[in-house]
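Read the numbers this way: they start at 1 and go in the same order the structure lists the ligands and their atoms. Just so you know, these numbers use all the heavy atoms, side chains as well, and skip hydrogens, waters and symmetry mates. Given the structure is predicted, the values throughout are model-derived calculations rather than measurements.
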Amino acid sequence: MAFWSAEAIRKAAPQLSEQIQGGLFFPGTGHFLDPYQVVRELVRAAEANGVQFLKRQVLDACQEEHGVSLTTDQGALTARQVLIACGAHSAKLTAALTGKAVPLDTERGYHLMLPHEQHRLPFAVTSLERKFIMTPLSGGLRLAGTVEFAGLDRPANMQRAWQLHRLSQGLFRKDLSTQGATPWMGFRPSLPDSLPVIDRVCDARVLLAFGHQHLGLTQAAVTAEWVAELANGGQALRPYRLDRFY
Ligand SMILES: Cc1cc2nc3c(=O)[nH]c(=O)nc-3n(C[C@H](O)[C@H](O)[C@H](O)COP(=O)(O)OP(=O)(O)OC[C@H]3O[C@@H](n4cnc5c(N)ncnc54)[C@H](O)[C@@H]3O)c2cc1C
């Protein structure tokens, strides 16, 4: 990490306002330019390795003698082993299979995508005072942040996404354009101790991987490696086990 003077900031990111007097630069960081494209590539690679995807909503689940039975919106399925990785929606299926009420909540967050501001910043910039982040992606500049506790069912309050544009005002020499802007809300899956549940329960019939709060994308690859180990008989690590809550 390096401290940057106002002059250093002006040199690296000349579009930022001259009002900005200093900053912290974190070298060696990275971000995806197109998260959706990453998902599509993962699906393509998995299918090339023989994985079959079924797009169904799982409505209910119960244990059977040698596996798990699922009720879906398109009929029933049975499996020797299932993985619950439904993000903030994981509590209901976990309760159905384990009988445990996991204290999972959602920290709802918002972003505003500005398609005409793709080249405004050379790297992601966070405002410490205003507590939000501006990230250049291939489809535009994404302003993101905020935490809202409003559960899974309440409609999104997109005013919170537009508020991110107001927060950006004054941080640039010229205000960001909202032409063609699109607001979005997502459910961060969060647990009281900020750690995910990554576990193997019900005699190995059920694997669990959810609760990655603000860091689900960052921690996805490591979690996937652990899940593969658990599926092959590995033991869960104590801080991530479901029974830490009971
Ligand atoms: C505004 C915002 C900014 C963020 N920025 C970052 C960031 O910069 N870096 C980072 O690492 N993380 C970030 N996150 C957090 C990250 O998005 C989450 O941690 C991550 O998405 C959690 O991944 P997941 O796979 O557990 O859940 P999800 O991504 O929510 O995926 C769960 C999946 O399960 C499916 N599902 C749910 N219920 C069922 C059911 N009953 N049957 C079948 N399928 C079901 C859903 O359709 C969904 O596809 C951000 C979140 C928000 C809201």
Side-chain angles (χ1 to χ4, degrees), residues 26 29-36 38-40 42-43 46 53-62 68-77 79 82-97 102 104-114 123-126 131-137 140-154 156-158 160-165 167 181-191 194-199 206-227 240:
F26 294 85
T29 62
H31 68 273
F32 290 119
L33 292 177
D34 185 345
Y36 183 41
V38 173
V39 173
R40 280 194 293 216
L42 288 172
V43 169
F53 287 87
L54 300 177
K55 203 170 169 185
R56 299 184 187 178
Q57 188 185 358
V58 180
L59 304 171
D60 203 357
C62 64
V68 170
S69 160
L70 304 175
T71 309
T72 82
D73 58 348
Q74 295 169 58
L77 287 172
V82 297
L83 166 66
I84 302 178
C86 296
H89 294 85
S90 299
K92 189 178 153 208
L93 291 175
T94 302
L97 284 170
V102 61
L104 181 70
D105 205 334
T106 175
E107 291 181 73
R108 296 160 35 137
Y110 290 80
H111 82 219
L112 187 69
M113 189 69 173
L114 307 178
F123 39 66
V125 172
T126 300
K131 308 266 183 286
F132 79 112
I133 185 163
M134 304 174 285
T135 307
L137 303 181
L141 186 67
R142 183 169 289 179
L143 316 185
T146 84
V147 167
E148 179 188 52
F149 287 99
L152 294 169
D153 299 324
R154 290 224 189 144
N157 172 7
M158 290 307 180
R160 295 182 73 103
W162 291 102
Q163 172 69 12
L164 293 162
H165 182 258
L167 288 175
T182 48
W184 176 83
M185 185 274 284
F187 299 104
R188 299 186 192 93
S190 298
L191 288 156
S194 299
L195 293 176
V197 169
I198 304 172
D199 203 354
V206 181
L207 305 177
L208 306 169
F210 55 79
H212 293 71
Q213 35 96 8
H214 294 235
L215 295 170
L217 182 59
T218 312
Q219 298 173 342
V222 174
T223 300
E225 280 181 0
W226 282 6
V227 167
Y240 304 98

Inset, instruction - Output the list of atoms in ligand 1 that are nearer than 4.0 Å to some heavy atom of Leu215, sorted by atom number. - result: 10 (C), 11 (O), 12 (N)

Legend entry - Which of the ligand 1 atoms, numbered from 1, are nearer than 4.0 Å to a heavy atom of His89: 37 (C), 38 (N)

Just wondering, do [Y] and [X] contact through their side chains at under 4.5 Å, heavy atoms?
X      : Y      : answer
Thr146 : Gln163 : no
Leu97  : Ile84  : yes
Thr218 : His212 : no

Protein contact of [atom] - nearest heavy atom, named by residue and atom, plus distance:
atom                    : value
atom 30 (O) of ligand 1 : Gly87 CA, 4.0 Å
atom 10 (C) of ligand 1 : His214 O, 3.2 Å
atom 53 (C) of ligand 1 : Gly186 O, 3.6 Å
atom 39 (C) of ligand 1 : Cys86 SG, 3.7 Å
atom 20 (C) of ligand 1 : Gly216 CA, 3.8 Å
atom 33 (C) of ligand 1 : Ala85 O, 4.1 Å
atom 19 (O) of ligand 1 : Gln213 O, 2.7 Å

Inset, instruction - For ligand 1, note which part of Arg56 has a heavy atom under 4.0 Å away: side chain, backbone, both or neither. - result: backbone

Legend entry - Contact check, Tyr110 vs ligand 1, heavy-atom distance below 4.0 Å: yes

Inset, instruction - Give a yes/no on ligand 1: does Met185 have at least one heavy atom closer than 4.0 angstrom to it? - result: no

Closer than 4.0 Å: a protein non-hydrogen atom to [atom]:
atom                    : result
atom 49 (O) of ligand 1 : no
atom 5 (N) of ligand 1  : no
atom 17 (O) of ligand 1 : no
atom 23 (O) of ligand 1 : no
atom 12 (N) of ligand 1 : yes

[X] to [Y] - nearest heavy-atom pair and separation:
X      : Y      : value
Gly109 : Arg188 : CA-NH1, 3.5 Å
Gln213 : Ser194 : NE2-O, 3.0 Å
Leu114 : Ala181 : CD2-CB, 3.7 Å
Val147 : Arg160 : O-NH2, 3.1 Å
Ser90  : Ala85  : OG-C, 4.1 Å
Ala209 : Thr223 : CB-CG2, 4.0 Å

Legend entry - Tyr36 OH: over 12 foreign heavy atoms closer than 6.0 Å: no

Inset, instruction - Check each of Leu143, Asp73, Val58 against atom 41 (N) of ligand 1 and report the one with the nearest heavy atom. - result: Val58

Legend entry - Nearest neighbour of atom 52 (C) of ligand 1 from the list Glu148, Gln219, Arg188, on a heavy-atom basis: Arg188

Legend entry - Contact (N/O only, under 3.5 Å) between Leu217 and ligand 1: yes

Legend entry - Contact (N/O only, under 3.5 Å) between Thr218 and ligand 1: yes

Inset, instruction - Would you confirm whether Asp60, through its side chain, and Thr71, through its main-chain N or O, come within 3.5 Å as a donor-acceptor pair? - result: no

Legend entry - Lys92 side chain vs Leu59 backbone, donor-acceptor pair below 3.5 Å: yes

Inset, instruction - Give a yes/no verdict on a cation-pi contact between Arg108 and Tyr110, requiring under 6.0 Å between NZ or CZ and the six-membered ring centre and an angle within 45° of the axis. - result: no

